[in-house]
Chemist: 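Please find one structure pasted underneath; my questions will follow.
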2 protein chains.
Amino acid sequence: MNNKEKAFTSEQEQMARFAKALGHPVRIAILDLLASQTCCYHGDMSEVIPVAKSTLSQHLSELKEAGLIQGTLTLPSIKYCINRENWSRARTMFAGLFRDIEGNSYVCR
Amino acid sequence: MNNKEKAFTSEQEQMARFAKALGHPVRIAILDLLASQTCCYHGDMSEVIPVAKSTLSQHLSELKEAGLIQGTLTLPSIKYCINRENWSRARTMFAGLFRDIEGNSYVCR
DNA sequence: ATTAATATTCGTAATTTTGCGAACAATAGA
DNA sequence: TCTATTGTTCGCAAAATTACGAATATTAAT
């Protein structure tokens with residue numbers, strides 16, 4: 001309990017950031033929409049996702065902040081898309097953890 | 001903005017729950033340890049992870065709550081392990097989202 | 001029965017998240 | 001220029017998260 005000098009790796013920090021962004025049903029729903037459609041407009045989403053527009057906006061900006069999506073102004077609306085580069089990073093990181101976990105053959109008893 | 005009657009699917013809720021549990025550096029660090037070792041004792045973890053023991057305990061119980069790990073009393077300590085069944089569920093769910101996202105060939109512009 | 005070792009729970013405080021409606025931009029079209 | 005459409009930001013409140021040390025429980029060993 002003494003060598004607390006080293007905090008977390010940036011890998012761990014980044015992974016937690018991605019996971020946290022995915023940690024809310026509204027945000028999962030947003031991503032499901034973006035996965036099933038070519039793109040999504042705020043308006044379309046607010047038809048489907050049961051929260052106030054301002055709340056939706058907040059969740060969208062959290063996903064943007066985490067780098068998982070991006071928005072393009074397409075007047076009179078805004079078009080949201082997956083940020084493929086960061087999404088790929090996230091997939092790689094999650095896959096790594098899952099691989100390490102499941103590759104560990106120890107069985108708990 | 002009218003058909004707000006249907007909330008989220010249980011799939012979405014569950015996925016968010018898993019992701020939320022992964023959404024903190026301490027908890028990622030715990031899982032990294034569990035992935036690299038056959039098992040882990042609270043004491044061992046508190047040597048490595050820079051938080052108070054009580055805080056560590058809290059994070060452990062959140063991972064337990066989410067079903068991602070389990071603890072077995074192995075006196076005089078407690079041995080923590082991955083919950084393989086739920087971990088496998090999580091992997092499947094994440095893989096599904098990643099597949100859907102990356103399988104979508106639309107490129108944002 | 002005491003003591004030592006281990007981990008959780010309690011009490012508390014600070015911070016962050018979540019959610020809503022109202023107010024505020026920004027732009028296209030009449 | 002006025003109006004309608006679309007999203008974001010603001011202001012606020014409620015709830016959840018994070019963190020710590022102190023107190024508590026549990027069991028092994030003496």
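To find a chain, count down the sequence lines: A is the first, B the second, and so on, and within it residues start at 1. Nothing here was measured: the structure is a model prediction, and the numbers come from that model.
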Chemist: Sugar-phosphate means primed atoms, P, OP1 and OP2; the rest is base. With that split, encode nucleotides 13-21 of chain D 5' to 3' as B, S or - using protein heavy atoms under 4.0 Å.
Modeler: ---SSBBBB
Chemist: Find which nucleotide of DNA chain D each of L73(B) and S57(A) is nearest to by heavy atoms, and output the residue with the more 5' nucleotide.
Modeler: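 The residue whose closest nucleotide sits nearer the 5' end is S57(A).
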Chemist: Take the angle between the ring planes of H24(A) and H59(A) and call it parallel below 30°, perpendicular above 60°, tilted in between.
Modeler: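 H24(A) vs H59(A) ring planes: tilted.
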Chemist: Start with the C-alpha distance between I78(A) and T72(A), add both sets of side-chain angles, then the distance that settles side-chain contact (heavy atoms from CB on, under 4.5 Å), and finish with yes or no.
Modeler: CA-CA 6 Å; I78(A) 293 188; T72(A) 313; over 6 Å; no
Chemist: What's the CZ-P distance between R17(A) and dT16(C), to the nearest Å?
Modeler: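 About 14 Å, once rounded to whole Å.
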Chemist: Going by side-chain contact (heavy atoms from CB on, under 4.5 Å), L60(A) matches just one of M45(A), R27(A), E65(A). Which one?
Modeler: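 Output: one option passes, namely M45(A).
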Chemist: Testing the basics here: between P25(A) and F8(B), what is the closest heavy-atom pair and its distance to 0.1 Å?
Modeler: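 Heavy-atom minimum between the residues: CB-CD1, 3.6 Å.
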Chemist: Output yes when at least one side-chain N/O atom of Y41(A) is less than 4.0 Å from OP1 or OP2 of dT5(D), else no.
Modeler: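 For Y41(A), the contact criterion (side-chain N or O under 4.0 Å from OP1 or OP2 of dT5(D)) is not met.
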Chemist: Can you tell me how far C1' of dT9(D) sits from CD1 of I78(A), to the nearest Å?
Modeler: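 Computing the I78(A):CD1 to dT9(D):C1' distance gives 13 Å.
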Chemist: Nearest whole Å is fine: how far is dT5(D) C1' from H42(A) NE2?
Modeler: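 Going from H42(A) (NE2) to dT5(D) (C1'), I get 13 Å.
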Chemist: Under the ring-ring contact (aromatic ring centres under 6.0 Å, His included) test, which residues partner H42(A), sequence neighbours left out?
Modeler: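 Applying ring-ring contact (aromatic ring centres under 6.0 Å, His included) to H42(A) gives none.
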Chemist: Would you kindly give the NZ-to-P distance between K79(A) and dT5(D), to the nearest whole Å?
Modeler: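 Rounded to whole Å, this separation is 23 Å.
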Chemist: For the pair made of CG in L60(A) and C1' in dG19(C), what is the distance, rounded to whole Å?
Modeler: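 Going from CG in L60(A) over to C1' in dG19(C) covers 15 Å.
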Chemist: Write down the distance between CD1 (I28(A)) and P (dT18(C)), rounded to a whole number of angstrom.
Modeler: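 Between P of dT18(C) and CD1 of I28(A): 12 Å.
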Chemist: From CD1 of I69(B) over to C1' of dA7(C), roughly how many Å is that when rounded to an integer?
Modeler: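 Checked: the CD1 to C1' distance equals 13 Å.
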Chemist: Whole angstrom is fine here: how far is it from CZ in F8(B) over to C1' in dT18(C)?
Modeler: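 After rounding, the reported distance stands at 12 Å.
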Chemist: Does a sphere of radius 6.0 Å around CD in E102(A) hold more than 12 heavy atoms from other residues, nucleotides or ligands, not counting ones at 6.0 Å or beyond?
Modeler: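 Correct, the count exceeds 12.
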